[in-house]
Structure formats: C-alpha cells, structure tokens
> 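Sending over a structure as structure tokens; questions will come in a sec.
Ligands are counted one by one from 1 in listed order, and the atoms in each one are counted from 1 as well.
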Amino acid sequence: MKDNATPAMVSVGLGDRSYPIHITPGILDRVGDDLKERDIARRYAVVSDAYVADLYGKRLLHSLAQVGIQAELLTFPRGEESKNLQTIAELASDLARRGFDRGDGLIALGGGVTGDITGFLASIYMRGIPFVQVPTTLLAQVDSSVGGKTGVDIPEGKNLVGTFYQPRAVYIDTDCLASLPHQELLGGLAEVIKYGVIRDERFFGYLEEHRQEVVALDREVISRVIARCCEIKARVVEEDEREGGLRRILNFGHTLGHAIEAASGFRIIHGLAIAMGMRAAADLAVRCGLLDAEEAGRIRELLVAYGMPVQVPPELDRDEIRSYLQTDKKTMAGRVFFVLPEAIGRVRITDDVRPEDIDAVLDSD
Ligand code: GLY
C-alpha cells in the first residue's frame, strides 16, 4: 500500500448552494481546520450511531476542539431500524434541550443511515440549519453523502419521507474504509461499478484493470476511484438536482435491486442486491435489443471478479419480487421504469419491457 495519496477536491456546483467534497486520507483529523475557515455554524452536534461514534467520534471532536469549535456528540442505535421519525423526534428534542438554534449546525459522522437521518433533521430543525457530511462507508462516500437526498423510512416503505437538502461540505477520509466489513465494502463497490456503466467507459476499464489495488484499498487508487464517482454524481446532480430526469440514471440496477432487497427481508444488503439488479438489468437490455450480449458479459464479469453475487437466489419468491416492483418509489402510475445500458458508459430509461423478459432475467445468471 502506498503511503501517500494526492488529496482530491470535487465541487458540486449549485449556485449559492455549491459545496466542496474533500477526498483525503486522514482528513478526519483536519475537519476542524476547514470548518473554522468556512465559518458555517457557531457550534455543532455530531450525529452518529453508537458504533461509529466509538470508532471515530473522539477524533472528530478533538479536531473541532483544537480550533476552538464547540461540539457535542449525539448518538442513536446502529442500524436501518433507527431510520425513522421516532429517531428524528428524539434527536430534535435533544437538540432543543441543549439549546441548539439557527446559528448552529450538524455533522453527520457515519454511513448512509446516519447521513440520511442527519440531513433530514438539519432540513427541518428550526426550518433548516446547516449540516456537513463525514461519510465513513464506501457506499456513503461515493453516493449517499453527495447530492442532498435525505430521509427516513416509514412502515409503508423505505425513504418515503424526506427532503432534498444539500450539505455545506463533504469530508471523505478514505482511511475509514479499513474498518469496514468486507460485505459492506463490496456493497459500496457495486455502486462504484454503477458509475462506470452509466457514465464512463474509461472508468469501467480502470476498474477492470486495477481490481486488486481497489480491493486492497491502495490509498492512491481508492482516492481516484472515489473522486471519479463523486465527480460523476456531482455533474448529474448539477443538471438535475431533484430527480426530474437525468438523476434517475443513478438508479441503474436499483429497480430490480430494491425489489430483491425487500423480498429478502433486507437480509441481502443494499449494495449486493444492486449488483444482482445491475446484472439483471444488463441482461434485460440485451433482451430488449439495446445492448450487445458481449457488453452485458463484461458487466457481469466485472461484478463477479470483485466477488459480488449476480444470481438472484432461487429461494426468493419471484411473485414477491414482482409485487415489490409495482410499489417501488420509481414506479409511476403503475409503470415500472428501468435504467438499461445501451453500451458501457451510456444508459436509457424505459418502461418498454416485457414481463416475460423480467421473469427470464430473474432466473438467469
Ligand atoms: N442515490 C441516488 C441519488 O442520489 O440520486
């Protein structure tokens, strides 16, 4: 592993709501310096789950204290089960009791659940206070911490209550990935591969060529990979912040992936369900006459090379998967939309898909 990695900075250009994404190993210890300069809030509540707070909370608080920024740690129980309105109510009461006002801000320290909860809380507490993201999982670093989607689950579905609310800055410490369980790393890598398929054939080739360094978290390589994903996401969000059109391409693999995830009772983690969904979507594109079988094979091979599952487990009930497809957030007026590749690096959104082709790709591998 190389010791040095060039710090990278990607900017999300949204006018007066533009913000930087800093990608640097060890930046966790320097978040305070940058926040001091940016003068975003008087004091901060660092919101984290109990597990991540234990791993990284002290270091972040120390980095803030060193430059004289006041901060307090607020924790909630780890896991998707916490991503609900009850947690938001409890955290909001906690903020109010501690006297947090409109001059104060939040810092999300953790993975996607923490980022979504903290961003949502920031968007509604006192009608909106600033927040920054310090994502510690690969999935959060390449996807959920960037672009301003926030929200919580309700019993009727995941992410059904939420807002678009952009952070003021994102600090990505690639060294945090060393503590990530392998399955979670793979889940994040599925989203990484997604960016290559939807937008950048050269990046896809880079992922083919540098697989060993990526998986070994070589500092230089993983920083480049994360920076490229953030860059692609930033350009998409700049063009379509509220998912009226282009942003929907970020859902490649997610139509079937979400249905697979839900039908498994969430035992299959998000990223791995997306890997299965991307393989199935590529096969669907071949069946629709949009994509060469060879290109679909390349997508499948890359997923397999990284150690991702591509076959939908035979024990998952196909009827249940089909019924989740109908209730997905991306389904509009009963029409189920798919993001299908036309080539590696280019996708189209369509609902012109035959049910028998969906059945076939669920059962192929
Ligand atoms: N995760 C997809 C998006 O941010 O639009």
> How far is atom 4 (O) of ligand 1 from its nearest protein heavy atom, and which residue and atom is that?
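I find the closest protein heavy atom is K233 NZ, 2.5 Å.
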> Just by distance, no angles: are the side chains of K83 and N159 close enough, under 3.5 Å, to form a donor-acceptor pair?
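A pair is found: one side chain offers a donor N or O, the other an acceptor, under 3.5 Å apart.
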> Counting each atom of ligand 1 from 1 as listed, which ones have a heavy atom of D143 under 4.0 Å away?
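This gives 1 (N), 2 (C), 4 (O) as the contact atoms.
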> Which ligand 1 atoms does E243 reach within 4.0 Å, using its non-hydrogen atoms?
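Those atoms are 5 (O).
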> Does some side-chain heavy atom of L177 sit less than 4.5 Å from a side-chain heavy atom of Q141?
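Yes; the side chains approach each other to less than 4.5 Å.
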> Could I get the full list of ring pair (Phe, Tyr, Trp, His ring centres under 6.0 Å) partners for Y206, not counting sequence neighbours?
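With neighbours one apart ignored, the set is H210.
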> For residues 72-79, dump all side-chain donor-acceptor pairs below 3.5 Å to protein atoms at least two apart in sequence or in another chain.
unit_1, atom_1, unit_2, atom_2, d
E72, OE1, R98, NH1, 2.6
E72, OE2, R43, NH1, 2.8
R78, NH1, D49, OD2, 3.0

> Check ligand 1 against K149 and write out every atom of the ligand that is under 4.0 Å from a heavy-atom position of the residue.
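It comes down to these atoms of ligand 1: 2 (C), 3 (C), 4 (O), 5 (O).
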> Using a 4.0 Å cutoff against the non-hydrogen atoms of R247, which atoms of ligand 1 qualify?
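Selected atoms, number and element: 3 (C), 4 (O), 5 (O).
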> Give a yes/no verdict on a cation-pi contact between R248 and F337, requiring under 6.0 Å between NZ or CZ and the six-membered ring centre and an angle within 45° of the axis.
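R248 over F337 ring: yes.
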